[in-house]
Amino acid sequence: MSEKPTNFIRTKISDQIKQGQIDQVVTRFPPEPNGYLHVGHAKSICLNFGLAEEFGGRCNLRFDDTNPEKESQEYIDAIEEDLRWLGFEWSELCHTADYFEKLFEWALHLIRNGDAYVDEQSAEEMRENRGTLKQVGFDSPYRDRSISENESLFLKMREGQMSEGAAVLRAKISMSAANMNLRDPALYRIRHTKHPRTGDKWCIYPTYDYAHGQSDAIEGVTHSLCTLEFEDHRPLYEWLLKRLPLPSRPKQTEFSRLELEGTVTSKRKLNSLVQEGYVSGWDDPRMPTIVGMRRRGFSPEGIRLFCERIGVTRKPNTIELQILEGSIRDDLESRAHKAMAVMDPLKVVVTNWDQGPLSLRVPWHPKRLELGSRTMLFGRELYIDRSDFELDPPDGFFRLVPGGSVRLKYGFIVDFEDVILDDKGSAKEVHVRYDPETRSGQDKSGRKVKGTIHWVHAESAEEVDVRLYDRMFTVPDPGNYEDPSSVINPESLILGTAHVEPALGHLMPEAYLQFERVGFFKQDPASGQGRLTYNRSVTLKDAWTKKS
RNA sequence: UGGGGUGUGGCCAAGUGGUUAAGGCAGCGGGUUUUGAUCCCGCCAUUCGUAGGUUCGAAUCCUACCACCCCAGCCA
């Protein structure tokens with residue numbers, strides 16, 4: 001419908017193209033494979049891939065695998081899977097590790113030009129000598145070693161002749177720079193650790209700061225997009241680019257990261273929720289991970305719509321959860337098959353129904369007939385939702401009430417006849433009479449009723465498990481809590497059952513569903529062969545309960 | 001006077017000197033509706049962090065101030 005919202009990066013690129021400054025756009029999505037992708041990554045993914053696509057360029061997937069201690073193949077596989085599921089295809093699949101040889105040569109280049117040195121201070125000494133935000137640091141005693149000494153020491157580092165922590169290669173910039181990143185940042189550290197991709201080949205690994213810009217240059221990245229916390233690293237990024245014989249000159253541009261109300265996106269905190277068993281795993285439907293949202297029943301298109309709606313700026317922002325939920329609803333509204341499910345059954349006996357069950361042909365989506373149709377049975381005993389009957393209705397309630405009538409959607413109008421109460425005085429069974437003139441699609445009665453409710457045929461309905469998900473935390477800013485598990489919403493998952501129409505079994509297990517008047521649902525992929533489980537993705541908007 | 005950023009309605013966000021400050025989400029009012037959903041229509045910032053200044057004219061330029069965010073890993 002509406003055209004895509006613009007943002008400062010898009011505007012800048014189209015200006016650059018107009019002025020002939022660039023002829024191709026190359027971006028990259030550079031996750032570190034040390035955790036699962038989450039909604040914050042989705043923003044970056046949509047930006048990077050979206051820009052490349054819009055301007056006819058390329059976007060690589062690059063695993064920023066410079067730290068073997070935290071990375072693993074499990075995450076690499078999961079990230080690729082998530083990206084494909086979101087609907088993106090990378091131009092090239094890259095690994096920073098594939099550039100290790102080149103990066104090493106360039107480190108030698110820096111050394112030979114007097115731009116880097118091997119420091120043998122301990123980590124603690126380095127920290128002490130770095131100074132503070134307001135005080136300059138002190139030069140390392142090793143700072144002025146000769147080039148040849150640096151070179152042979154660095155070679156020793158690579159050859160495994162030095163132990164972890166014994167030395168580090170540092171850029172020789174300035175220990176009195178106001179920007180802390182310029183106080184002789186570490187370029188290489190020693191790690192006698194096996195790397196998921198290069199195995200035992202290396203025992204020195206480049207830092208992010210050293211590897212990133214050079215990797216961008218190797219890939220011909222034109223626009224290196226990252227979040228605002230890297231802004232202070234840009235001078236270092238450029239310092240390196242300027243001193244090395246690189247094939248291209250990428251430009252870093254920062255944007256603000258996604259802050260989502262009621263959501264934690266710190267990998268560390270998400271990991272601890274998983275490790276401590278507060279959720280069932282990275283794919284728990286309450287998790288803001290891609291796998292979690294996927295299992296919850298969010299669609300890739302819905303997530304992308306969300307990313308489009310939130311925009312891209314450099315401002316601090318906190319996105320309301322409704323924007324995510326609204327995006328998911330808006331996408332699912334037309335995508336989902338619509339079916340009947342009764343969450344809390346109340347038996348209804350149609351006392352004047354003397355025949356066997358009647359088959360009704362019902363479309364899966366009233367506005368999208370191409371989705372086909374299914375059969376629903378109407379008969380003497382039905383279930384409706386308990387919340388759709390009130391003995392003592394509040395004003396404005398227009399479902400079933402004593403003395404009243406409602407339409408059973410796609411079936412008939414029924415008129416209240418009697419109610420049987422249990423010993424606590426609540427309804428146990430409602431008796432109604434159906435009006436044969438009011439069959440859906442061939443109603444000649446001219447009758448109008450205020451309410452239409454959903455229902456299922458009691459005998460043929462299938463009982464399934466449902467998981468009703470709600471926001472995971474009780475506070476809007478769980479990320480500000482050191483231990484977010486202390487503010488988990490005890491009602492973030494409510495287990496229940498439902499009676500669903502048997503035709504659901506004819507749909508693909510991965511079909512998006514709407515249980516009419518209840519919410520959007522999706523079959524849980526771990527549903528057993530016995531009872532099926534449906535996860536509630538998101539509720540429907542509900543003007544009625546909001547009012548009352 | 002460490003350095004770097006950011007401030008436009010409840011939440012996002014266009015706008016970069018020239019009529020009444022786009023749009024989305026939320027909200028409110030109304031219409032349609034066999035989902036109290038969807039859909040449709042309407043309303044919703046005399047004002048752009050604050051205070052001054054420049055100008056015929058400022059959210060856009062200048063000055064000062066205020067608030068908030070990021071930075072002291074051999075993490076990314």
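Below, chain A is the first sequence line, B the second, and so on; all start at residue 1.
In this structure, A/Asp331 places its CG atom 16 Å from C1' of B/G24, rounding to the nearest Å. Going from atom CZ of A/Arg234 over to atom C1' of B/G3 covers 13 Å, rounded to whole Å.
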Problem - B/S/- contact track for nucleotides 29-38 of chain B, protein heavy atom under 4.0 Å - result: -----BBBSB

Exercise for the section: Scan nucleotides 69-76 of chain B nucleotide by nucleotide, 5' to 3', and note B when protein non-hydrogen atoms come under 4.0 Å of the base, S if they reach only the sugar-phosphate, - if neither. Expected result: -BBBSBBB

Exercise for the section: Map every base of RNA chain B to its dot-bracket character, where paired means a Watson-Crick or G-U wobble contact with both distances under 3.5 Å and | marks a partner outside the strand. Expected result: .(((((((.[[[..)..(....]]].(((((.......))))).....[[[[[..)....]]]]])))))).....

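By the 6.0 Å contact criterion, NZ on A/Lys12 is enclosed, its count of non-hydrogen atoms from other residues, nucleotides or ligands being greater than 12.
For A/Lys315, the listed nucleotide lying nearest its side chain is B/A13; candidates were B/C25, B/A14, B/A13.
Scored by the salt bridge (Lys or Arg N to Asp or Glu O under 4.0 Å) test, A/Asp443 finds A/Arg407 as partners (sequence neighbours excluded). Listed by chain and residue number, A/Phe515 satisfy the ring-ring contact (aromatic ring centres under 6.0 Å, His included) test with A/Tyr534 (two or more places apart in sequence, or in another chain). Take A/His454 and apply the ring-ring contact (aromatic ring centres under 6.0 Å, His included) test, not counting sequence neighbours, and it matches no residue. Residues satisfying the ring-ring contact (aromatic ring centres under 6.0 Å, His included) test with A/Tyr434, not counting sequence neighbours, are A/Trp353, A/Phe412. Annotation: salt bridge (Lys or Arg N to Asp or Glu O under 4.0 Å) contacts of A/Asp388 (sequence neighbours excluded): A/Arg399, A/Arg517. A/Tyr208 meets the side-chain hydrogen bond (donor to acceptor under 3.5 Å, both in side chains) test with no other residue; sequence neighbours excluded. For A/Asp542, there are no salt bridge (Lys or Arg N to Asp or Glu O under 4.0 Å) partners, not counting sequence neighbours. The salt bridge (Lys or Arg N to Asp or Glu O under 4.0 Å) search around A/Arg329 returns none, not counting sequence neighbours.
Evaluation of the salt bridge (charged side-chain N to carboxylate O under 4.0 Å, His left out) test over residues 159-171 of chain A, restricted to residues two or more places apart or in two chains, returns A/Asp119-A/Arg170.
The side chain of A/Arg314 places an N or O atom within less than 4.0 Å of a non-bridging phosphate oxygen (OP1 or OP2) of B/U6.
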